[in-house]
*Asks:* 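Okay, handing you the structure first.
Reminder, nothing fancy here: chain letters follow the sequence lines and each chain counts from 1.
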Number of protein chains: 2
Amino acid sequence: MPIRNGLRPMWWHGRFRGCGYRITAPREAILDVLSKSDKHLSAEEIYIKVHTYYPAVGLTTIYRTLDILSNMGLIFKFDFGDSRARYELSEGPKGKKHHHHLICTNCNRIIDYADFIDEEIKLLEQTEKELLKRYNFKSTNHLIRFYGLCEKCQKNELN
Amino acid sequence: MPIRNGLRPMWWHGRFRGCGYRITAPREAILDVLSKSDKHLSAEEIYIKVHTYYPAVGLTTIYRTLDILSNMGLIFKFDFGDSRARYELSEGPKGKKHHHHLICTNCNRIIDYADFIDEEIKLLEQTEKELLKRYNFKSTNHLIRFYGLCEKCQKNELN
DNA sequence: TTAAGAATGGAAATCATTATCAATAAGAGG
DNA sequence: CCTCTTATTGATAATGATTTCCATTCTTAA
């Protein structure tokens, strides 16, 4: 599992250089881990994965890089209430677009969903319009989560 | 500012005892502070307010009590991303019902929004129904936030 | 009034995240 | 390919919110 694929340019290299950042081995490793996972990884989880085949990387670098990536908009940073930030690629090969979360309060599984329902889109648009009218609040972004029971936990509840 | 109003029963005493908890001076002080504030207070902010006229109370007790209150559903616990939990009364005299938040990304002001329009409620219910159909996810609660600019910050932006 | 054990507070411990700083390495220019 | 500038790195220490410990105090049922 070579991390640095020679000089082969990655999809994010351009954007990265454009922002004045250098391409380094740790950064490639971190993005490699992120692009190969479909989970919401914490800094430490990323650190461990990177560390297995690249022991030289320090946790500090993980945090620093995640911060840069987050500010650039290349990754999303979430807080699901387990007292650690979690990160997820927002673009590229396996990248996700803006999405909402379903959070199982029993097993803590997190389900991403982006195939928004017509009703949901309508709800958002109307609400944003209403917020502007009533509070003069100009919304530019939103966070939507549903808490409840996932399929498995509903079945297990029958026991 | 007497905290303990003699033996006058407070609105929350019954519920509190019902859960097997004792009525104590620190707990009365904390609920007093919460019920007199309409802000989203952090544990330390509550500690300082309680501390001014009740110096004996320790920060540990603040955390413990907030935890109990939160589990009982008497207060809401929120995380607005400033690395400290914030609490708000959910019932009683000044208590709020379920509401959503508008968060100004410029001045960090937080506006509660609970005067939902019928349309919004209907759309939300439909969305939850649809989530059950598509993902077999049984939603019991939700978190909705809008990030953007409040009235003041929109005006200041013109400068 | 009293005894059982719930509640308290101060100090120490946790734990995720940041700050510090000397050493290293990316990459522009020659 | 070599060199210089300076961004980047990693080890370690620091920070800051929240918890854990534990001996002492207080609430409350009987």
*Asks:* Among A:Y54, A:Y53, A:Y47, exactly one meets ring-ring contact (aromatic ring centres under 6.0 Å, His included) together with A:H51. Which residue is that?
*Replies:* A:Y47

*Asks:* Looking at A:S83, does any N or O in its side chain come under 4.0 Å of the phosphate oxygens OP1/OP2 on D:dA17?
*Replies:* no

*Asks:* Select from B:V57 and A:Y21 the residue whose nearest nucleotide in DNA chain C is closer to the 5' end of that strand.
*Replies:* B:V57

*Asks:* Whether the side chain of A:T105 engages the backbone of A:G148 through a donor-acceptor N/O pair (distance < 3.5 Å, no angle test) should be reported.
*Replies:* yes

*Asks:* Looking at B:I62, B:T61, B:I68, which hits side-chain contact (heavy atoms from CB on, under 4.5 Å) with B:R64?
*Replies:* B:T61

*Asks:* Taking any heavy-atom pair under 4.0 Å as a contact, classify B:T60: base, sugar-phosphate, or nothing.
*Replies:* base

*Asks:* Please report the end-to-end axis angle for the helix from C:dT1-D:dA30 to C:dG30-D:dC1, five pairs per end, rounded to 10 degrees.
*Replies:* 40°

*Asks:* Does A:S90 reach the main-chain N or O of A:G73 with its side chain, forming a donor-acceptor pair under 3.5 Å?
*Replies:* yes

*Asks:* Both B:R17 and B:Y63 contact DNA chain D. Taking the nearest nucleotide for each, which residue is further toward the 5' end?
*Replies:* B:Y63

*Asks:* For B:R22 and for B:R64, locate the closest nucleotide of DNA chain D by heavy-atom distance; then report the residue assigned to the nucleotide nearer the 5' terminus.
*Replies:* B:R64

*Asks:* Considering only NZ, NE, NH1 and NH2 on the basic side and carboxylate oxygens on the acidic side, decide whether A:K36 and A:D32 come within less than 4.0 Å.
*Replies:* yes

*Asks:* Could you tell me whether B:R84 contacts a base, only the sugar-phosphate backbone, or nothing, with contacts defined as non-hydrogen atoms closer than 4.0 Å?
*Replies:* sugar-phosphate

*Asks:* Roughly how far, to the nearest 0.5 Å, is CG of B:L66 from CD1 of B:I46?
*Replies:* 4.5 Å

